[in-house]
2 protein chains.
Amino acid sequence: MAIPAATDTTLSSRDKILDTAEPLFARFGFAGVGLREVADRVGMGKSSLFHHFPSKVQLYVAVMERVFQEFDARLEAEAQGESSPIDQLHAWTSASVRMLAEHPHWAALLLRSIIEGEVITEEDSERIDRLYEQIVNRVSEALQSGIAAGMLRTVSIPHTIQTFIGMTIFHFASGELGEDLVGASVYEPTQVEAQLAHIRDYIEFGLRSSPSAAC
Amino acid sequence: MAIPAATDTTLSSRDKILDTAEPLFARFGFAGVGLREVADRVGMGKSSLFHHFPSKVQLYVAVMERVFQEFDARLEAEAQGESSPIDQLHAWTSASVRMLAEHPHWAALLLRSIIEGEVITEEDSERIDRLYEQIVNRVSEALQSGIAAGMLRTVSIPHTIQTFIGMTIFHFASGELGEDLVGASVYEPTQVEAQLAHIRDYIEFGLRSSPSAAC
DNA sequence: GTCTATACACCGATAGAC
DNA sequence: GTCTATCGGTGTATAGAC
């Protein structure tokens, strides 16, 4: 319940607003957050927010865009080591899990951006959509070349990507349900490792071509 | 975008309200729906809603409870044929997919009930939580006996259940993202069949004990 | 760049007539 | 069981002083 206010004085007002709004939008969604609450936590008047962002929607978009950019940048960094498609999938899913574990609000935020497309105009979400597409394309290409090389079973690429998103974003956004299920917070280090192992298992047993053909 | 109003005159006012509120809460969430909009669509004054439900939260809970009850009842019906744990998992996941495909608002609604626990009191969500628990327990027991019988790999039960929820509820709640990914609505009959196949694959290749030990 | 004051619509909820 | 009228509060956003 406790959401600490951003107090670092070295940050620009704009960044302080984004830092403050991020966990609020993650927890309560776009409609569930009032600008008064954001302003109070930042420590400024409600009207001052409009000096930095022209509207509530634009603030929401800015929050989302920042997360997507950082997420995508980390995945790109993780693509440097040229390895097999399967190793690439391991690297990306593992990086995604670690990122979500390090930023406990991101999973809920990203999940909301998927199901709350209604509130944002197509134009407003254009740049976000492009970042989403970029991330999906990375994984898609790895799956494609893995299948082409005979290393992966001939799975449906879109459905497999959906499963990856479920195992990463949904898993860490599941909050109380996930907590009841695993018996501890999904953000506990041991639980993070367990989910990493679960995804590794999925790739090795559910996706990798069975070696039994060699029998 | 078009959400048809409930016009069936044979329904009680209470049911008409629930039918109207359900897709609205699914699309816009608890905070995103105003009682004025619900009342307008039902065709009554805003105040009349309070004759049937004491508060907005109670209306929300009633909507959720109805969906959970129907969902659970169908799973229970699907548990009649006494078969192997693996067949039971196939039957339940398949039934879940078909239910979500038949009720296009349920996935978003159920997903929101997972991540929007904040707005509801523990007391209010007690009965819903119990239904959730019941559903999870069914699947949990099937997984457990499947592992005990050596038919399934020794996977983590909670993490596997989370993956099932991702493959069912999240998949059908993914809206535009899922649509962009698969190239068509995830509710198109061919896409529903594709997701059924994807889940069958996961159970057979990702969960079933490898027969390669017999080599 | 932040403030106070304010505009105007909508919110959930209540009271009481019919 | 539905209505009109109304309450107090909050919503986003603007105007203009400092």
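Here is how names work: the chains are called A, B, and so on, in the same order as the sequence lines, proteins then strands, and each is numbered from 1. For the numbers below, each heavy atom of this structure counts, side chains included, while hydrogens, waters and symmetry mates do not.
- The CG atom of B:Leu35 sits 15 Å away from the P atom of D:dT2 (whole-angstrom rounding).
- Side-chain to base pairing of A:Ser47 with C:dA5: one donor and one acceptor N or O lie within less than 3.5 Å of each other.
- The CG-P distance, from A:Asp40 to C:dC3, rounds to 11 Å in whole Å.
- Atom-to-atom, CG of B:Leu49 to P of C:dC11 comes out at 12 Å; the value is rounded to the nearest Å.
- Between B:Gly32 and A:Ala31, the shortest heavy-atom distance links the atoms CA-CB, 3.6 Å.
- With hydrogens and angles ignored, no donor-acceptor pair closer than 3.5 Å exists between the side chain of A:Lys56 and the base of D:dG11.
- Distance, B:Ile17 CD1 to D:dG1 C1': 10 Å, rounded to whole Å.
- Aromatic ring pairs are classed by plane angle as parallel below 30°, tilted from 30° to 60° and perpendicular above 60°; the pair A:Tyr132 and A:Phe68 is tilted.
- Side-chain proximity of A:Met44 to D:dT12, C:dC11, C:dC3: nearest is C:dC3.
- Ionic pairing of B:Glu116 and A:Arg112 is present here: one or more N-O contacts between side-chain nitrogen and carboxylate oxygen are shorter than 4.0 angstrom.
- Using a 30° and 60° split on the angle between ring planes, A:Phe25 and A:Phe30 fall in the parallel class, below 30°.
- Atom C1' of nucleotide D:dG9 and atom CZ of A:Arg36 are separated by 10 Å, given to the nearest angstrom.
- For the pair A:Phe50 CZ and D:dG11 P, the computed distance is 11 Å after rounding to whole Å.
- The CZ atom of B:Phe53 sits 15 Å away from the C1' atom of D:dT2 (whole-angstrom rounding).
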